[in-house]
Structures are given as C-alpha cells and as structure tokens.
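Counting begins at 1 with the first residue of the sequence.
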Amino acid sequence: SHPPSLFLVTMDIDLLHPDPREEKAKHKLKRIVQSPNSFFMDVKCPGCLQITTVFSHAQTVVLCGNCNVMLCQPTGGLAKLTE
C-alpha cells in the first residue's frame, strides 16, 4: 500500500563533466571518449623559416626539405624538437 520509494544514488565521479587533466593522464583506451596521444605539428625551420608537418611521435630524424637542418630527433616516445 506504500508508493514505491525512490532514492537517489550519486556516483563518485561526474561522467558528464570529467576533469580534462585526469582524462589526459588516463590510458588512451580507458578515457570516456577514446582519443590518441599523438598529433601532427607544423614546425618552422630556424634557418629558412619553411614550415614542415612533423608527427609528434616521429621515429626517424626529420630534416628540413629546403636546407637539410634537423628539425626533430626520435626518442622513446615524443620526438624531441631541435632549436
């Protein structure tokens, strides 16, 4: 004879508004929306000022197409930009 009792269950985390820093720190597959860690960047050559697109996790040395200056060196993960 009682109306069904409704109770509110609150979650420990807010799934609609996750903290961007916490999401970035998570593994790329464990995020609420999967997203890669890698990206492409436009690097300007310090010598001739030509812009070259470089992959963030490049595994080879990237040279400027114009003047053969080294733009980035591979490391274990993110490529290291040379200035």
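A heavy-atom distance below 4.5 Å is found between the side chains of I32 and L15. Side-chain contact check for K28 versus P36: every heavy-atom pair is 4.5 Å or farther apart.
Shortest non-hydrogen contact noted between C45 and C67 is SG-SG, 3.5 Å. In plain terms, the two heavy atoms of K24 and R31 that are nearest each other are O-NH2, 3.3 Å. Closest approach of C72 and T82 over heavy atoms only: N-OG1, 3.9 Å. The minimum heavy-atom distance between L49 and K44, with the atom names listed, is O-CG, 3.6 Å.
Clustering of Ile, Leu, Val, Met, Phe, Trp and Tyr side chains at separations under 4.5 Å places M41 together with F39, V43, V54, V62, L71, L78, L81.
One hydrophobic cluster, built from ILVMFWY side chains closer than 4.5 Å, holds both V33 and M11.
When the shell of 6.0 Å around NZ of K26 is examined, it contains more than 12 heavy atoms from other residues, nucleotides or ligands.
Remark: the backbone N or O of A25 is not paired with any side-chain donor or acceptor of R21 at under 3.5 angstrom. No donor-acceptor pair closer than 3.5 Å links the side chain of Q73 to the backbone N or O of A79.
Distance check, rounded to the nearest 0.5 Å: CG of L29 to CD of Q34 gives 5.0 Å. Taking CD1 of I51 as the start and CG of D42 as the end, the distance is 6.0 Å to the nearest 0.5 Å. In this structure, CG in N37 is found 6.0 Å from NE2 in H57, a value given to the nearest 0.5 Å.
A search for ring pair (Phe, Tyr, Trp, His ring centres under 6.0 Å) contacts involving F40 returns F55, not counting sequence neighbours. Residues passing the salt bridge (charged side-chain N to carboxylate O under 4.0 Å, His left out) test with D14, sequence neighbours excluded: none.
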